[in-house]
Amino acid sequence: MLDRDEYTWNTMVAAYANSGRLDEAKELFEDTPNKSSVTWSSLISGYCRHGYPGEGFKLFWRMQLDGHKPTQFSLGSVLRACAVSGSLQRGEQIHGYAMKTNFDLNDFVVTGLIDMYAKCRSISEAEYLFVTVPERSNHALWSAMITGYSQNGDAYKAMECFKEMRKQGIEFDEYSLPSILATCAAVSADAFGAQVHCCIIRSGYGVSAFVQSALVDMYAKCGGLTSAKLVMEAADIDGVVSWNSMIMGCMRQGCEEEALYLFKKMHGRDMKMDDFTYTSVLKSLASTTDLKLAKSVHCLILKTRFEAYRLVSNALIDMYAKQREITCACEVFEYMLDKDVVSWTSLVTGYAHNGFFEEALRLFSDMTVEGIYPDEMVVSSILSASAELTALEFGQQVHGIFVKSGHAFSASVGNSLISMYARCGCIEDADRVFNSMQVQGVITWTALIMGYARNGKAKESLETYNCMIASGVKPDYISFIGLLFACSHACLVQEGRMYFESMTKTYGIKPGPEHYASMIDLLGRSGKLAEAEELLNQMSVEPDPTVWKALLAACRVHKNLELGERAARNLFKLEPMNSVPYVLLANIYFASGKLEEAAKIWGLMKSRGINKEPGCSWVGINGQVHTFVSEDRGHPRMSDIYSKIDEVMRLIKKAGYVPDLSSALHDVDEEGKELGLAYHSEKLAVAFGLLAVPQGGPIRIYKNLRVCGDCHIAMRHISQVFSRHIVLRDSNCFHHFREGVCSCGDYW
DNA sequence: CTAGGGTTAG
């Protein structure tokens, strides 16, 4: 009678615990007169299974204090709790306890231990336990190991383990199949996946919803959408996971419309959608411009309370940012209660994507102040924003923060560092980062090729390219942009022609507008205008503005009116509000003595409301940016700066400097011209640099337009007379002035 | 009466 009673109490506790009604289960548990280890295990299992691992763990130790020995049941439950919460330390305690109580040879407990270690990312511990089990005849043991490999990213071992299991005569079941299918999906092992599919058909395990969803996902990822669709249509369970996989599959293949169509169909059928559905559909929406649909999906998310899922809110931020709705992205971000590093990254990247680089930098600083550790994603993103602003000091600080954070130095961080240093004119630092990287992929090589090219080191750029080829890395589309850029900036006509040809002939890469622009620049500026025009006419793609700009610039150098007019007319059409083609064409007319025509162009500009972008130079010192425009009087140290310029002019004239009056404004007299030149923004900046940067340090000047010819000559003399390294980055490239010589070889 | 292994996103 007493036995019967105990059984009833336990059944009731278990029923409440299993259905998740934990408070009621707990109450019943307290009322149970004779608690056995079964009573304890039932309650512990309830807590562990329904997301309260801490509670389950506490009860487990209380159970020991109450005089009960652990059982395979309570140990299994509590190991599961450690696995889902990733508590390796607790798991290790349980492991020790299991060894002391001789439970470490029990199949249930060992399976739980393997699973716990695997889920806590200690795969070698899991593997060790697995291989030391004397008799591996248990399904679950193998399943746990296969899943462990699969979830730790070791697809090869997962597949080997699956094959070994079958070799030993142990059949797969509905637990091991989803894992092995996920493995195939992860590495696009479509042939292996198809074989598994055949086994599933023969075995009858295809009735499991898990197996069906995993199959759909496997095909969506590696066998093509048609097969995935076929599996889905043949399946008798219409589960949300399969739909999610299809939506994601369409998105990855670039069929966003199809993905959105599936989502609408789910909605129309009143299907239950989950957080996976929303993140996938938001990702699809990110590459469309359908703001209306985006907003209605957002409404649906708010109505169903899915914004509480961090991944859904993160996807919302990303989606709005990519749709250029940065204000909406900010609103979602502000509304979030528990932002993680991904939330911050999405908004930081969003700002950068929309051209708000300063805001991106500010937000990154806010993030570090909030105590969020930057990860490699946000670091790569912020480094390119720093490069965009040539914010060298900021980039250096990010580099430092990342080193301190202890994160592994990933390829993407290394690549962004190379690019940041190169774009800030510190090519030696870029080279140092390159050499410190363990693996150099094509992106890494290309970053360095481009870096040397930008910094006027064509020889090094070409050498880097040759080293890349020698190391067995194949160049890609972007590598050739860097390589041809190097050739064009050093006037290497022969090499340029050769590399351009090898692009298609050796590597089968179709040249794009960027490559043509470099080639036309190279041919045009070296005086081969006819060849440049011929190449333009042969282009397999529509010439874009950069191509016409290259041709127009060449026409200006060689005073070719006819071709220049044609290039300018095309640019007026393509970029009607850009002042550059107007200025260039007017200059060509002016240089050819056609003053009336030049005046007409200036008039045209005025009537269309286009203003020439004013020249602006800036110098960053101690975290402060000092900005100068031509004939600027706004700087607090202006009188010092102007007297420094007078001194500079006096000294460099003595050293042989002759002002190049052709660089001056056309409508002033000779003396006015000389004075106007002396107060160009870059000269103000260099005077300030001479005053503020200690002797020995490089003076770094950034300019929004191309450096003027006279300033270029002056900089050479200044570097000689004042023994300074001057780094000037203009809108086109870097100029490193040392001892009277410029890295560009006076060709830019 | 209590227990172990499974699918989809970033």
Side-chain angles (χ1 to χ4, degrees), chain A residues 3-15 17-18 32 36-46 48-49 63 70-80 83 103 106-116 118-119 126 138-148 150-151 172-183 185-186 205 208-218 220-221 237 239-249 251-252 274-284 309-315 317-318 340-343 345-346 375 377:
Chain A
D3 279 358
R4 183 75 196 132
D5 204 30
E6 192 181 296
Y7 181 95
T8 312
W9 279 105
N10 289 345
T11 310
M12 289 199 295
V13 171
N18 274 334
T32 305
S36 68
S37 75
V38 176
T39 331
W40 282 94
S41 299
S42 303
L43 190 65
I44 292 170
S45 153
C48 294
R49 204 193 286 242
M63 174 183 173
T71 59
Q72 54 176 349
F73 299 101
S74 52
L75 283 167
S77 286
V78 85
L79 280 172
R80 177 196 176 112
F103 270 109
N106 174 284
D107 270 354
F108 277 109
V109 176
V110 178
T111 306
L113 282 169
I114 290 174
D115 185 52
M116 180 276 294
K119 294 227 167 47
N138 185 300
H139 295 245
L141 208 56
W142 287 89
S143 280
M145 199 61 239
I146 292 167
T147 308
S150 166
Q151 290 177 346
F172 50 75
D173 63 1
E174 73 266 40
Y175 285 99
S176 47
L177 286 169
S179 279
I180 199 66
L181 287 168
T183 301
Y205 282 120
S208 151
F210 278 106
V211 173
Q212 284 175 12
S213 324
L215 256 181
V216 171
D217 190 60
M218 186 273 289
K221 276 197 186 124
I237 299 163
V240 63
V241 176
S242 301
W243 283 78
N244 293 346
S245 295
M246 284 303 290
I247 292 177
M248 206 52 213
M251 202 278 303
R252 261 191 292 257
D274 62 10
D275 43 335
F276 285 80
T277 320
Y278 287 116
T279 41
S280 315
V281 80
L282 288 171
K283 212 165 159 13
S284 307
Y309 286 82
R310 203 160 47 194
L311 288 172
V312 173
S313 277
N314 289 348
I317 297 172
D318 184 62
D340 65 354
V341 67
V342 180
S343 326
T345 309
S346 304
D375 66 2
M377 294 283 270

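Chain A is the first sequence line, chain B the second, and so forth, proteins listed ahead of strands; every chain is numbered from 1.
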How far apart are the closest heavy atoms of A/S213 and A/S245, and which atoms are they?
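Scanning both residues, the minimum pair turns out to be O-OG, 4.4 Å.
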Taking the side chain from A/T147 and the backbone from A/S143, do they hold a donor-acceptor pair closer than 3.5 Å?
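Pair found, side chain donor or acceptor close to backbone of A/S143.
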Less than 3.5 Å between a donor and an acceptor, one on the side chain of [X] and one on the base of [N], is that the case here?
| X | N | value |
| --- | --- | --- |
| A/D173 | B/dG5 | yes |
| A/S143 | B/dG4 | no |
| A/S245 | B/dT8 | no |

Whole angstrom is fine here: how far is it from [atom1] in [X] over to [atom2] in [N]?
| X | N | atom1 | atom2 | result |
| --- | --- | --- | --- | --- |
| A/M116 | B/dG5 | CE | P | 12 Å |
| A/M248 | B/dT7 | CE | P | 17 Å |
| A/L177 | B/dT8 | CG | C1' | 17 Å |
| A/N244 | B/dA9 | CG | P | 9 Å |
| A/Y205 | B/dT7 | OH | P | 17 Å |
| A/D107 | B/dA3 | CG | P | 17 Å |
| A/L215 | B/dT7 | CG | C1' | 10 Å |
| A/I180 | B/dT8 | CD1 | P | 13 Å |

Is_stacked (A/F210, B/dT7) at 5.5 Å, 30 deg
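So A/F210 does not count as stacking on the base.
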For A/Y175 and B/dG5, do the ring centres fall under 5.5 Å apart while the planes stay under 30° apart?
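Per 5.5 Å and 30° rule: yes, stacked.
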Between [options], spot the one nearest the side chain of [X], thanks.
| X | options | value |
| --- | --- | --- |
| A/T147 | B/dT8, B/dG10, B/dG6 | B/dG6 |
| A/E174 | B/dG6, B/dT8, B/dG4 | B/dG6 |
| A/F108 | B/dA3, B/dG5, B/dC1 | B/dA3 |
| A/R80 | B/dG4, B/dC1, B/dT8 | B/dG4 |
| A/A14 | B/dA9, B/dT2, B/dG4 | B/dT2 |
| A/Q72 | B/dG5, B/dC1, B/dA3 | B/dA3 |
| A/S179 | B/dG6, B/dC1, B/dT8 | B/dG6 |

Using a heavy-atom cut-off of 4.0 Å across all strands, would you classify [X] as base, sugar-phosphate, or nothing?
| X | value |
| --- | --- |
| A/V342 | nothing |
| A/R310 | nothing |
| A/T277 | nothing |
| A/N314 | nothing |
| A/N138 | base |

Give a yes-or-no answer on whether the side chains of A/T8 and A/D5 include a donor-acceptor pair shorter than 3.5 Å.
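Short answer, no.
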Checking A/S74 against A/T71: is there a side-chain donor and acceptor pair closer than 3.5 Å?
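Yes, side-chain donor-acceptor contact under 3.5 Å.
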To the nearest 0.5 angstrom, please state how far the [atom1] atom of [X] sits from the [atom2] atom of [Y].
| X | Y | atom1 | atom2 | result |
| --- | --- | --- | --- | --- |
| A/N106 | A/T111 | CG | OG1 | 8.0 Å |
| A/R80 | A/R49 | CZ | CZ | 5.5 Å |
| A/I146 | A/F172 | CD1 | CZ | 10.5 Å |

Looking at [X], I'd like to know whether one of its side-chain N or O atoms comes within less than 4.0 Å of OP1 or OP2 on [N].
| X | N | result |
| --- | --- | --- |
| A/T111 | B/dG5 | no |
| A/K221 | B/dT7 | no |
| A/Q151 | B/dT7 | yes |
| A/R49 | B/dT2 | no |

